[in-house]
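Inspection log for the structure reproduced underneath, given as structure tokens.
Note that the structure is a prediction, hence the values are computed from the model and not measured. The chains referred to below are lettered A, B, ... by the order of the sequence lines, with proteins before strands, and numbering in each begins at 1.
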Amino acid sequence: DTGVSQNPRHKITKRGQNVTFRCDPISEHNRLYWYRQTLGQGPEFLTYFQNEAQLEKSRLLSDRFSAERPKGSFSTLEIQRTEQGDSAMYLCASSLAGTGGVGYTFGSGTRLTVV
Amino acid sequence: EDQVTQSPEALRLQEGESSSLNCSYTVSGLRGLFWYRQDPGKGPEFLFTLYSAGEEKEKERLKATLTKKESFLHITAPKPEDSATYLCAVQAGSARQLTFGSGTQLTVLP
């Protein structure tokens, strides 16, 4: 297990289309997070899972966004009816409960461009 | 609402020229302050966690310190490979998520 894996690395889509991103966390990590990062800004929290339960969602996560983590393993983030403002880097991170001091491990992200 | 402000936005140093990056924060009940390094096109890479005022942590040419209102990342005798964006983040109260600052883009010239 070499880290957090995100696919695809890049996605270009037309406005109004739906897109789905996948995140495979470090296998023993039970917490999984989604963040969004725009150019020149720090990551912004979107949502968080512990095992398969989605425990928290940011107000940034509009009803066009949905995230799942079936069976507490990989996670998907879907954006419906994409808008140009959705263009950003979508970052996934994972951690093990009780080890917060070592910080999250982030993936390399999926860069979304909406044209 | 938790707030994190980093300064400067960008910093250019000559190789060997030491400097410090600043992270000011306003949170209710700090649980941890985190420093990350981010290279272009990659996700943030964890560097340090600080928990209480007066705490210091070191790793190679980097040293992070924490007061009740701010944190500093000191870079001693930097090398070009230290060029990256350095992000500061806080975790507060019962929250599991991090609140990040906008980062400082560091360029070290040979």
Side-chain angles (χ1 to χ4, degrees), chain A residues 2-7 9-10 21 23-26 29-51 53-61 67 88-111, chain B residues 1-10 21 23-25 27 29-52 55 57 59 62 64 66 71 73 84-106:
Chain A
T2 56
V4 178
S5 177
Q6 292 190 246
N7 288 288
R9 290 296 312 276
H10 304 274
F21 312 139
C23 171
D24 288 272
I26 293 173
H29 284 184
N30 56 352
R31 289 181 178 160
L32 186 148
Y33 310 81
W34 285 99
Y35 282 77
R36 180 173 70 186
Q37 186 176 25
T38 54
L39 200 61
Q41 300 298 312
E44 294 176 296
F45 171 74
L46 293 178
T47 190
Y48 146 63
F49 291 85
Q50 179 151 325
N51 300 313
Q54 188 174 18
L55 296 185
E56 195 156 350
K57 293 193 287 187
S58 163
R59 63 183 184 276
L60 293 176
L61 209 69
M89 174 79 86
Y90 289 84
L91 292 163
C92 176
S94 68
S95 69
L96 182 63
T99 62
V102 299
Y104 304 164
T105 301
F106 279 89
S108 292
T110 295
R111 180 164 295 283
Chain B
E1 184 177 325
D2 302 335
Q3 290 193 329
V4 180
T5 303
Q6 291 189 247
S7 61
E9 290 184 7
L21 313 182
C23 171
S24 298
Y25 63 91
V27 298
L30 180 72
R31 290 180 57 207
L33 185 140
F34 298 78
W35 283 98
Y36 284 83
R37 168 189 170 131
Q38 187 172 28
D39 293 301
K42 295 190 175 182
E45 176 187 349
F46 172 74
L47 293 174
F48 303 110
T49 308
L50 301 167
Y51 294 102
S52 57
E55 190 174 0
K57 296 229 175 130
K59 180 180 179 180
L62 300 177
L66 181 66
S71 176
L73 185 65
T85 295
Y86 290 85
L87 294 164
C88 171
V90 296
Q91 189 175 40
S94 60
R96 298 297 174 198
Q97 68 269 28
L98 302 181
T99 300
F100 282 85
S102 296
T104 293
Q105 186 175 4
L106 175 67

* **Ring centers of Phe34(B), Tyr104(A) separated by less than 6.0 Å** => no
* **Contacting region of Arg111(A) [heavy-atom separation from chain B under 4.5 Å]** => neither
* **Over all atoms of both residues, closest heavy-atom pair of Ser102(B) and Gln41(A)** => OG-OE1, 3.2 Å
* Does any non-hydrogen side-chain atom of Phe46(B) lie less than 4.5 Å from one of Phe106(A)? -> no
* **Partner residues of Thr105(A) under the side chain to side chain contact (heavy atoms under 4.5 Å, CB included) criterion, sequence neighbours left out** => Val4(A), Ile26(A), His29(A)
* Smallest separation among heavy atoms of Leu87(B) and Pro43(A), with atom names -> CD1-CD, 4.0 Å
* Which portion of Leu50(B) sits near chain A, non-hydrogen atoms under 4.5 angstrom -> neither
* Asked: Between Tyr35(A) and Phe100(B), what is the shortest heavy-atom contact and its length?
  -> CE2-CE1, 3.9 Å
* Structure fact -> Note: Leu91(A) and Gly43(B) closest approach over all heavy atoms is CD2-CA, 3.9 Å
* Structure fact -> The interface call for Gln105(B) against chain A, heavy-atom contacts under 4.5 Å, is neither
* To do: Examine whether an atom of Gln37(A) lies under 4.5 Å from a heavy atom of chain B, and if so say whether it belongs to the side chain, the backbone or both; otherwise answer neither.
  => side chain
* Check the pair Arg96(B), Tyr48(A) against side-chain contact (heavy atoms from CB on, under 4.5 Å), reporting the backbone distance first and the verdict last. => CA-CA 8 Å; Arg96(B) 298 297 174 198; Tyr48(A) 146 63; 3.3 Å; yes
* Structure fact -> Within residues 53-60 of chain A, contacts to chain B at heavy-atom distances under 4.5 Å involve Glu56(A), Arg59(A)
